[in-house]
Number of protein chains: 2
Amino acid sequence: MEAKKNTVEKICEMQTALDILGGKWTFLIIYALLDGKKRFKELERAVTGINTRMLVKELKNLEDHQILTRTAFATVPPTVEYSLTDKGRDLEATMKYLYKWTKDWM
Amino acid sequence: MEAKKNTVEKICEMQTALDILGGKWTFLIIYALLDGKKRFKELERAVTGINTRMLVKELKNLEDHQILTRTAFATVPPTVEYSLTDKGRDLEATMKYLYKWTKDWM
DNA sequence: CCGCATCCAGGATGATACTG
DNA sequence: CAGTATCATCCTGGATGCGG
């Protein structure tokens, strides 16, 4: 028989995840990347209201945690593409249900 | 044929939801209440690391948005119970997948 | 013009002490 | 027990600068 985890233990585990995902813009950035890779500027336009500084910061955070990958091209003007890793894409179900809730209740 | 919403529009919708749910502790509080109503002190113990001030604030925020209900009893010492509304309980699927992701990747 | 780094002011958060 | 009040600290937002 398995030792079933109680709520407190589960919350502690989710806390480590929310340390990464819990930023004000994190979910929206990931959601924006679900339908494919995007450039920095595209993300800035997609995530309405975010500012450059926070976008840089969140992207770096998500890259550090292997949720997305950054690819830079030495073009003029510079081109940087961001796309989700498997780990990041695995949040699709969570996002889908969060969006469903939004439509149902907001 | 329906006018299919694009990503930007969906993000804007989700933004209103995340204004409510996006707090640092919000998801954890809701998760703690998924298995039934809890008293203030029980929540404080369940959500490890939170402090009184933030718990009060988040609970008020979630109550204002009809995600949970607050019931006070005029006992000594005072008793206050918090429990999810239908709106709040509808986040269960989102939470479940978020926890699954946590277990899979953290 | 794009992708970012830096600087500064205001708001959010955390720790602690106190009340009914 | 269930909060309030207070203050130090961290984080966010907006403006600006700069190399490529």
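As the structure is a computational prediction, the values presented were derived from the model and not from experiment. Protein chains get the first letters and strands the later ones, always in sequence-line order, with residue 1 at the start of each.
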Next item on the list: Measure from CZ on A:Phe73 to P on C:dG3 and round the result to the nearest Å.
Entry: 12 Å

Note to self: Looking at A:Lys41 and A:Glu44, is there a salt bridge between them, counting it only when a charged N and a carboxylate O are closer than 4.0 Å?
What the structure shows: yes

Margin query: side-chain contact (heavy atoms from CB on, under 4.5 Å) for B:Thr52 and B:Phe40? Distances and angles first, verdict last.
Written below: CA-CA 9 Å; B:Thr52 309; B:Phe40 186 89; 3.9 Å; yes

Notebook entry, point to check: Are any side-chain N or O atoms of A:Thr48 and backbone N or O atoms of B:Cys12, one a donor and one an acceptor, separated by less than 3.5 Å?
Noted result: no

Checklist line | Rounded distance [0.5 Å steps], CG in B:Leu21 versus OG1 in B:Thr94 | finding: 8.5 Å

Note to self: Using a strict heavy-atom distance below 4.0 Å, which residues from residues 15-23 of chain B are in contact with DNA chain C?
What the structure shows: none

Next item on the list: Could you list by number each residue of residues 31-40 of chain A showing a heavy-atom separation from DNA chain C of less than 4.0 Å, or answer none if no residue does?
Entry: A:Arg39, A:Phe40

Next item on the list: Specify the separation, in whole Å, of atom CD of A:Glu44 and atom P of C:dC2.
Entry: 9 Å

Margin query: For A:Tyr99, does the six-membered ring have the charged nitrogen or CZ of B:Lys10 within the cation-pi criterion, i.e. under 6.0 angstrom from the centroid and within 45° of the normal?
Written below: yes

Next item on the list: Classify every nucleotide of nucleotides 14-20 of chain C by which part a protein heavy atom approaches to under 4.0 Å, writing B for the base, S for the sugar-phosphate alone and - for neither, in 5'-to-3' order.
Entry: BB----B

Margin query: What I want to check is whether the side chains of B:Thr71 and B:Glu81 have a donor and an acceptor closer together than 3.5 Å.
Written below: no

Note to self: For a quick check of understanding: with a heavy-atom distance under 4.0 Å over all strands, which category does B:Val80 fall into, base, sugar-phosphate or nothing?
What the structure shows: sugar-phosphate

Item checked: Within one Ile-Leu-Val-Met-Phe-Trp-Tyr cluster: B:Leu28 and A:Tyr97, side-chain cutoff 4.5 Å -> no

Item checked: Whole-Å gap separating P (C:dC1) and NZ (A:Lys41) -> 10 Å

Check: With distance as the sole test, does A:Lys87 use its side chain to make a donor-acceptor pair with the main-chain N or O of A:His65 at under 3.5 Å?
Finding: yes

Note to self: Tell me if a side-chain donor or acceptor on B:Thr102 pairs with a main-chain N or O of A:Met14 at a distance below 3.5 Å.
What the structure shows: no

Check: OH/A:Tyr31 to CD/B:Gln15 distance, rounded to the nearest 0.5 angstrom?
Finding: 13.0 Å

Checklist line | A:Asp86: side chain to side chain donor-acceptor pair (under 3.5 Å) partners, not counting sequence neighbours | finding: A:Arg89

Check: Is there a side-chain polar atom (N or O) of B:Tyr82 under 4.0 Å from OP1 or OP2 of D:dG3?
Finding: yes

Check: Does the A:Glu58 side chain pair with the main chain of A:Val56, one donor and one acceptor, at a distance under 3.5 Å?
Finding: no

Item checked: Residues clustering with B:Val8 (ILVMFWY side chains joined when closer than 4.5 Å, directly or via others) -> none

Notebook entry, point to check: In residues 55-72 of chain B, which ones come under 4.0 Å of DNA chain C, going by heavy atoms?
Noted result: B:Lys57

